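Read the structure below first, then the notes.
None of the values given here were measured: they were computed from a predicted structure.
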Amino acid sequence: MKLSILDQSPISSGSSAGTALRESARLARAAEKMGYHRYWIAEHHDMPGLACPSPEIMLSYIGAETEKIRIGAGAVLLPHYKPYKVAETFHMLSVLFPGRIDLGIGRAPGGSAEATMALSDNFLENVRTMPQKFKELLHFIHGDFPKENFYSSLKAAPVPRVPPEVWLLGTSIKSGRLAAQTGTAYAFGEFMSDKDGVDMLKEYKTRFQPKYELKQPKSLLTVSAVCADSTEKAKELAGSLRLWRIQQLKGITGGIPSVEEAKSYTYSPEEREMLQSSEGKLIAGNPAEVKRKLIGMGGKYGVNEIMIVTITHSYEDRLRSYELIANEMGEMMT
């Protein structure tokens with residue numbers, strides 16, 4: 001089973017966005033050495049606790065700091081942008097880092113209503129036309145507009161020898177169907193979905209229609225996990241994420257709380273109820289426990305690649321979590 005990393009560039013309380021972004025670069029370098037297959041970085045806008053609004057900028061930085069690990073966006077939020085500009089940007093990254101670039105596409109706003117309005121005047125309409133925008137993007141990536149199309153003579157230059165690998169990210173059946181229809185890979189965000197994605201992934205595979213380089217359906221599962229030397233330690237570290245989620249839901253701004261802050265916080269009955277829906281989505285345990293759950297989820301969902309997102313207050317704890325998982329999975333990652 002391949003393991004990959006989804007990095008949201010978390011900002012720890014008392015720290016800064018600059019530190020978080022430098023830690024993301026450190027994490028990508030370490031992930032390459034540990035044998036992780038790909039490293040993706042997410043896009044968020046004016047979201048307290050998360051540092052990266054521009055994956056493409058971070059990818060140019062991280063690509064120069066690594067040698068072979070696949071790197072990509074998880075995801076570019078297409079309703080905010082014109083497909084041509086996205087294609088140009090990721091073509092350029094593919095020229096700089098041949099055969100290593102993934103272009104993950106999502107449809108979420110990635111931030112507040114104010115941020116959404118500042119980025120795109122008519123976000124809801126852009127979401128409605130997302131399938132058309134996505135297909136237009138694919139035409140720009142592959143340079144295959146029909147001759148009668150207005151853009152048929154336009155190239156998203158520089159044109160790379162190896163185009164970026166396009167993934168559609170989602171948590172709904174709509175995304176899976178669009179990925180199948182367009183012959184693209186599909187990443188199911190299990191960690192942020194309230195739906196069971198097993199049937200969604202089955203339908204994606206059944207409906208898949210080869211169109212470009214991808215001849216067979218290709219999918220991965222994204223999960224949230226915290227691993228430590230002991231179960232007790234892992235659950236303690238995960239307390240920071242739980243408290244941060246409550247703070248987000250209550251509109252409290254700030255970075256990822258420390259373990260001490262989380263341990264001293266008293267949850268109200270209402271807050272505990274808020275956490276219930278996401279509690280089962282977090283894997284927290286020792287290496288053997290995490291391995292068992294990852295293998296089980298891979299079998300349940302029928303995927304041979306799992307992407308892990310880990311948020312802790314301390315970068316060292318986050319790095320250690322990924323190290324423990326990689327060491328426990330061992331040769332299974334090859």
Side-chain angles (χ1 to χ4, degrees), residues 4-34 36-77 80-81 85-86 89-90 92-94 96-97 100-106 108-112 115 118-119 164 167 169 189 191-192 222 224-226 237 240-241 244-245 247-248 253-259 307-323:
S4 297
I5 290 176
L6 173 62
D7 184 10
Q8 294 182 319
S9 281
I11 306 171
S12 299
S13 62
S15 188
S16 68
T19 297
L21 294 171
R22 286 187 288 273
E23 288 173 346
S24 287
R26 288 172 61 193
L27 178 61
R29 291 194 298 268
E32 182 171 73
K33 293 177 181 177
M34 288 185 275
Y36 282 89
H37 181 56
R38 60 181 105 233
Y39 166 96
W40 286 357
I41 191 161
E43 174 183 336
H44 297 94
H45 299 281
D46 192 35
M47 186 172 288
L50 303 179
C52 183
S54 302
E56 60 272 26
I57 293 178
M58 279 301 293
L59 292 177
S60 62
Y61 175 34
I62 289 167
E65 294 281 315
T66 53
E67 295 180 359
K68 60 182 180 180
I69 190 171
R70 293 196 67 90
I71 56 175
V76 171
L77 305 178
H80 291 316
Y81 311 112
K85 179 59 177 176
V86 175
T89 299
F90 279 79
M92 186 169 177
L93 286 167
S94 296
L96 289 169
F97 312 111
R100 294 179 56 198
I101 298 299
D102 295 331
L103 170 53
I105 295 295
S112 66
L119 285 163
W167 289 74
L169 281 63
F191 76 105
M192 58 182 183
T222 307
S224 177
V226 176
L237 295 177
S240 295
L241 175 58
W244 182 60
R245 285 174 173 167
Q247 292 174 338
Q248 285 182 302
T253 60
I256 311 302
S258 67
V259 171
M307 182 168 275
I308 302 168
V309 55
T310 298
I311 291 184
T312 59
H313 176 266
S314 162
Y315 168 76
E316 286 71 24
D317 288 330
R318 187 159 55 120
L319 177 62
R320 179 65 175 158
S321 178
Y322 284 119
E323 286 177 340

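R38 contributes atom CZ, which lies 12.0 Å from atom CG of L6 (distance to the nearest 0.5 angstrom). For the atom pair S4 OG and M307 CE, the distance stands at 4.5 Å (nearest 0.5 Å). Rounding to the nearest 0.5 angstrom, the gap separating the CZ atom in R320 from the OG1 atom in T310 is 13.5 Å. Atom CD of E65 is separated from atom CZ of R26 by 12.0 Å, given to the nearest 0.5 angstrom. Distance OG/S112 to CE/M47: 8.0 Å, rounded to 0.5 Å. Taking OH from Y39 and CD1 from I71, the interatomic distance works out to 9.5 Å, rounded to the nearest 0.5 Å.
In this structure, the side chain of H44 does not engage the main chain of G111 through any donor-acceptor pair within 3.5 Å. T89 places a side-chain N or O within 3.5 Å of a backbone atom of K85 that can act as its donor or acceptor partner. Using a distance-only test at 3.5 Å, with no hydrogens or angles considered, no donor-acceptor pair links the side chain of S54 to the main chain of E56. The backbone N or O of D317 sits nowhere less than 3.5 Å from a side-chain atom of Y322 that would complete a donor-acceptor pair. With hydrogens and angles disregarded, no donor-acceptor distance shorter than 3.5 Å links the side chain of E43 to the backbone of G74. R70 places a side-chain N or O within donor-acceptor distance of the main-chain N or O of I101, the cut-off being under 3.5 Å. No side-chain donor-acceptor contact under 3.5 Å links E23 to the backbone of Y315. S13 places a side-chain N or O within 3.5 Å of a backbone atom of I256 that can act as its donor or acceptor partner.
Closest heavy-atom contact between S60 and I57: OG-O, 2.6 Å. Between A73 and F90 the shortest heavy-atom distance is CB-CZ, 3.8 Å. Here the shortest heavy-atom pairing between G106 and A75 reads N-CB, 3.4 Å. Closest approach of P10 to L50, counting heavy atoms only: CA-CD2, 4.1 Å. A pairwise comparison of heavy atoms in A30 and L319 identifies CB-CD1, 3.6 Å as the closest pair. The heavy-atom pair separating I62 from A25 by the smallest distance is CG1-CA, 4.1 Å.
Residues V259 and L237 meet the side-chain proximity criterion, which asks for heavy atoms closer than 4.5 Å. The shortest side-chain heavy-atom distance between I69 and H37 does not fall under the 4.5 Å cut-off.
D7 and W40 share no side-chain donor-acceptor pair at under 3.5 Å. Of the N and O atoms on the side chains of S9 and S24, at least one donor lies less than 3.5 Å from an acceptor on the other residue. Residues T66 and R100 bring a donor and an acceptor atom of their side chains to less than 3.5 Å of each other.
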Apply side-chain contact (heavy atoms from CB on, under 4.5 Å) to R318 and I311, showing your working.
CA-CA 7 Å; R318 187 159 55 120; I311 291 184; 5.7 Å; no

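Other residues, nucleotides and ligands place more than 12 heavy atoms under 6.0 Å from the CD atom of E316.
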